[in-house]
Amino acid sequence: MDRKFIKSILFLFVISFTISKQAYPLSVETHETINETVAKGTMNGFSLDSYLKTNLGISDGVNAIFNDKDNKTNKVFDWIRLGGEFEDAPPENTIPYRRSRNHFHNPLLPWDQAYYTGFLSLCDIGHCPVSAILWAQGPQKSDFALGFDLNPGGDWSWQQVRNYYLLALTSSLKTDRDTNFAQTFRGMGQLMHLVHDMSVPEHTRNDFHAFGGYEGWVVSPVNVNISSYTPVFFGGAINSISNLFDTDQYTNTSGPGVTTNSNIGLAEYTNANFFSEDTINANNFTYPDITQTTITDRNFTNTLWNTTYPREYYLKNCCGETNIVSSETKGYLLAAVDFLDYYRQQYPSLSFALPKIPVLDDNVYRDYASLLLPRAVGYSAGLLNYFFRGQLQVTRSQGGLKIKNINQEIMESGTISIYYDHIVNNDPNNIQRTALASQTLPAPLEPVQEIIISFTPPPDNIKPYRYIVVFYGKLGNEEGAVIGKITQPMQIFYVSKRSGIDKIYRMDIDGSNQTVVYDNQQPDTEIQIGKLAVLSDGTKLAYTIATPNPPYYNIYLLDLTIPVSGSNPTFLTQGDWPSFSPDGTKLYASNWTAHDV
């Protein structure tokens with residue numbers, strides 16, 4: 001007999017004696033929490049907050065506020081957080097969860113066949129969804145049936161979000177740029193949601209789960225505290241966002257061993273090592289294999305009977321994920337052995353002929369979450385990092401700008417455009433962005449190679465020497481990539497003693513935007529006035545500190561890309577009067593004791 005049918009009959013038979021399970025929809029709360037955690041944090045060396053401040057000139061970083069097309073106002077991290085909700089329940093439509101049909105991916109099947117085919121898939125009327133890996137890459141198309149759109153909410157695929165980002169950098173009107181920034185961050189939240197779903201067994205094993213399951217368990221704050229997990233990141237090179245979902249390494253013939261590789265797709269890892277409620281020992285999934293486990297006991301609390309007793313579990317300690325901690329194989333609970341264990345204890349005469357059916361309970365889900373949630377966080381952080389991975393080094397050159405590729409990937413088949421902002425009709429509220437120069441790359445721009453784009457500086461630039469540099473083209477393997485870099489206007493760095501403490505400040509050449517760049521807290525630290533040197537790209541600052549005893553002067557280096565609260569100067573050498581070479585590769589200084597340079 002079919003396992004689902006047997007379980008359903010047994011459930012009806014012992015409904016008053018078994019564990020009650022609350023019915024949950026898909027847990028948008030969990031998606032929101034993960035997105036906010038990633039957006040606000042520093043993950044695997046990447047901080048969105050720092051990137052926005054350093055590369056795009058967004059001084060408030062993830063706390064910057066943008067309005068969307070409906071004039072809804074949110075901070076950057078809130079747009080990303082809300083994207084976690086909107087991918088399931090878009091505000092453009094009152095009936096949620098129809099998009100969710102496209103949030104499944106079975107890594108054992110070809111991608112164009114890996115979509116959800118279960119209950120409410122609507123495949124029986126010719127309206128199958130698409131796999132999450134294809135849904136993410138897009139385009140996301142409407143699908144009308146039964147009188148409504150089965151895929152409401154619009155296109156929030158990778159390429160569409162790339163387009164929003166391009167418009168956020170290049171649109172003429174500030175209102176349009178702000179709207180597109182809001183769309184960009186919301187879209188990233190929706191794409192990150194799709195990555196999270198690859199950490200949910202039901203989503204990778206074609207299993208309908210509107211009534212609880214792992215995702216229903218995870219939604220409870222009593223069960224899960226996202227911040228308590230250490231993220232696990234995708235360990236390979238990302239050539240496409242599809243790598244985060246499925247790398248085609250895991251097959252039924254390969255076995256689950258490959259899923260312990262750090263460069264495995266998240267759907268592969270989840271499918272091979274974890275059950276969903278209705279795919280335990282399923283014929284269409286060879287792994288995980290319950291016969292490759294050992295039996296262990298763990299106390300289980302039956303809330304209906306208000307009792308705690310030792311329950312038998314299948315401990316997975318081989319063949320794929322084994323939960324290795326400090327070189328020791330800990331294993332994890334794969335399933336409880338017997339759905340009816342407590343009923344069997346209480347009513348042996350009524351249950352002796354009933355088969356043992358494995359079940360997933362709170363203890364199992366807790367072990368699952370300890371392995372799956374760190375990857376949901378880490379892999380979605382990898383997606384955000386990949387979107388904003390592009391960087392340009394821009395320096396002033398005679399008659400234009402010198403633009404260097406400081407990525408690890410080749411830039412090719414694209415254009416580099418330069419824009420500037422200016423006031424229209426003497427109205428300070430009417431600031432427009434205008435293209436100043438553009439150049440198609442004549443050849444691939446290898447890492448560390450540079451190109452000079454010449455132009456005549458516009459007299460009406462709202463901030464002299466402030467330009468918006470945008471690359472649109474191929475970056476590595478990604479077609480249609482976008483890189484933005486907003487150069488700093490001409491700035492002055494200076495030392496000022498305030499409240500008895502020397503600090504380093506920065507301001508625009510017109511005296512505006514005075515900000516602290518080194519928030520020194522030591523009253524006895526004497527920073528030498530005028531003895532400052534700034535790297536041409538504005539990312540580093542060298543300065544001199546005087547000491548009462550020999551060698552009297554020491555030079556330190558400050559990383560200007562790090563937020564002030566986290567700045568930590570690095571000691572470079574004994575000396576005085578630092579100065580960078582024109583190409584930024586050397587730092588010259590006077591040696592006070594030897595009287596040489």
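Quantities reported herein were computed from a predicted structural model and do not represent experimental measurements. For the single chain, residues carry numbers from 1 onward in sequence order.
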Decide yes or no on side chain to side chain contact (heavy atoms under 4.5 Å, CB included) for Cys123 and Tyr115, but give the supporting numbers first. CA-CA 10 Å; Cys123 286; Tyr115 48 80; 4.0 Å; yes
Show the numbers, then the answer: is there a side-chain hydrogen bond (donor to acceptor under 3.5 Å, both in side chains) between Asn317 and Thr329? CA-CA 7 Å; Asn317 52 13; Thr329 299; over 6 Å; no
Determine, step by step, whether Ser240 and Asn477 satisfy the side-chain hydrogen bond (donor to acceptor under 3.5 Å, both in side chains) criterion, reporting the C-alpha distance in whole Å, the side-chain angles of both residues, the deciding distance to 0.1 Å, and the verdict. CA-CA 7 Å; Ser240 162; Asn477 289 327; over 6 Å; no
Could you go step by step and tell me if Asn261 and Gln249 meet the side chain to side chain contact (heavy atoms under 4.5 Å, CB included) rule? CA-CA 10 Å; Asn261 297 337; Gln249 295 181 72; 3.5 Å; yes
Go through the steps to decide whether Arg101 and Leu120 satisfy the test side chain to side chain contact (heavy atoms under 4.5 Å, CB included), and finish with yes or no. CA-CA 8 Å; Arg101 301 182 317 129; Leu120 294 181; over 6 Å; no
What's the verdict on side-chain hydrogen bond (donor to acceptor under 3.5 Å, both in side chains) for Asp361 and Tyr313, showing C-alpha distance, side-chain angles and the deciding distance? CA-CA 10 Å; Asp361 63 18; Tyr313 291 89; 2.7 Å; yes
Begin from the C-alpha positions of Phe339 and Lys356 and carry the test side chain to side chain contact (heavy atoms under 4.5 Å, CB included) through to its verdict. CA-CA 7 Å; Phe339 181 63; Lys356 289 185 178 181; over 6 Å; no
Under the side-chain hydrogen bond (donor to acceptor under 3.5 Å, both in side chains) rule, what do His193 and Asn35 come out as? Steps first, then yes or no, please. CA-CA 8 Å; His193 175 125; Asn35 279 3; over 6 Å; no
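Electrostatic pairing of Arg311 and Asp341 counts as a salt bridge here, judged by a charged N lying under 4.0 Å from a carboxylate O. Using a 4.0 Å cut-off between a side-chain N of Lys or Arg and a carboxylate O of Asp or Glu, Asp362 and Arg366 do not qualify as a salt bridge. Here Glu87 pairs with Arg99 in a salt bridge; the nearest charged N to carboxylate O distance falls below 4.0 Å.
No more than 12 heavy atoms of other residues, nucleotides or ligands shown are found within 6.0 angstrom of CD on Gln408. Within a 6.0 Å sphere centred on CG of Asn283, heavy atoms belonging to other residues, nucleotides or ligands number 12 at most. With a 6.0 Å radius and a threshold of 12 heavy atoms from other residues, nucleotides or ligands, Asn306 has its CG atom at or below the threshold.
To the nearest 0.5 Å, the span separating CD1 on Ile34 from CE on Met192 amounts to 8.5 Å. Interatomic distance, CG of Leu475 versus CD1 of Ile483, reported as 4.5 Å (0.5 Å rounding). With rounding to the nearest 0.5 Å, the separation of CD in Glu312 from CG in Leu333 is 12.0 Å. Taking CG from Asp88 and CD from Gln190, the interatomic distance works out to 9.5 Å, rounded to the nearest 0.5 Å. Here the CZ atom belonging to Arg98 is positioned 11.0 Å from the CG atom belonging to Asp143, to the nearest 0.5 angstrom. The CG atom of Asn239 lies 11.0 Å from the OG1 atom of Thr247; values are rounded to the nearest 0.5 Å.
Checked against ring-ring contact (aromatic ring centres under 6.0 Å, His included), Phe66 has the following partners two or more places apart in sequence or in another chain: Phe181. Qualifying ring-ring contact (aromatic ring centres under 6.0 Å, His included) partners for Tyr165, counting only residues two or more places apart in sequence or in other chains: Phe387, Phe388. In this structure, the ring-ring contact (aromatic ring centres under 6.0 Å, His included) partners of Phe234, at least two apart in sequence or on a different chain, are Tyr379. Under the side chain to side chain contact (heavy atoms under 4.5 Å, CB included) criterion, Thr260 pairs with no residue, sequence neighbours left out. Annotation: ring-ring contact (aromatic ring centres under 6.0 Å, His included) contacts of Trp79 (sequence neighbours excluded): none.
Among residue pairs with one or both ends in residues 251-288, those qualifying as ring pair (Phe, Tyr, Trp, His ring centres under 6.0 Å) are Tyr269-Phe274, Phe274-Tyr332, Phe274-Tyr368; sequence neighbours excluded.
Ring centers of Trp156 and Tyr164: under 6.0 Å apart, within the cut-off. Remark: aromatic rings of His203 and His196 are distant, center separation not under 6.0 Å.
The minimum heavy-atom distance linking Asn273 with Pro256 is given by the pair OD1-CB, 4.4 Å. Residue Leu191 comes nearest to Ala136 through the heavy atom pair CD2-O, 3.6 Å, listed as atom of the first residue, atom of the second, then distance. Of all heavy-atom pairs spanning Tyr250 and Gly255, the tightest one is CD1-O, 3.4 Å.
Remark: side-chain polar atoms of Thr293 are paired, donor with acceptor, to backbone N or O of Ile290 under 3.5 angstrom. Side chain of Thr270 to backbone of Met198: a donor-acceptor contact under 3.5 angstrom is found. For Glu268 (side chain) and Asp248 (main-chain N/O), a donor-acceptor pair under 3.5 Å exists by modelled atom type. With hydrogens and angles disregarded, a donor-acceptor distance shorter than 3.5 Å links the side chain of Thr184 to the backbone of Asn180. A donor-acceptor pair under 3.5 Å is formed between the side chain of Glu202 and the backbone N or O of Tyr214. Of the possible donor and acceptor atoms, none in the side chain of Asn302 sits under 3.5 Å from a partner among the backbone N and O of Thr307.
Counting only heavy atoms from C-beta outward, the side chains of Arg389 and Tyr386 approach each other to under 4.5 Å. Using a 4.5 Å heavy-atom cutoff, the side chains of Pro231 and Asn44 are not in contact. No side-chain heavy atom of Leu134 sits less than 4.5 Å from a side-chain heavy atom of His105. Residues Leu334 and Pro288 have side chains in contact (heavy-atom distance under 4.5 Å, counting atoms from C-beta outward). A 4.5 Å side-chain heavy-atom check between Lys72 and Asn67 finds every atom pair outside the cut-off.
Each of Val218, Thr37, Val38 was compared with Ile226 under the side chain to side chain contact (heavy atoms under 4.5 Å, CB included) criterion, and only Thr37 meets it. Test Asp155, Asn151, Asp149 against Ser142 for side chain to side chain donor-acceptor pair (under 3.5 Å) and you get one pass: Asp149. Of the options Tyr347, Phe300, Tyr309, a ring pair (Phe, Tyr, Trp, His ring centres under 6.0 Å) to Tyr342 is made by Tyr309 and by none of the others. Paired with Trp158 under the rule side chain to side chain donor-acceptor pair (under 3.5 Å), one option of Gln140, Glu478, Gln137 passes, and it is Glu478. Each of Leu383, Ile133, Val195 was evaluated against Ile241; a single residue qualifies, Leu383, per the side chain to side chain contact (heavy atoms under 4.5 Å, CB included) test.
For Glu321 and Asn323, the side-chain atoms include no donor-acceptor pair closer than 3.5 Å.
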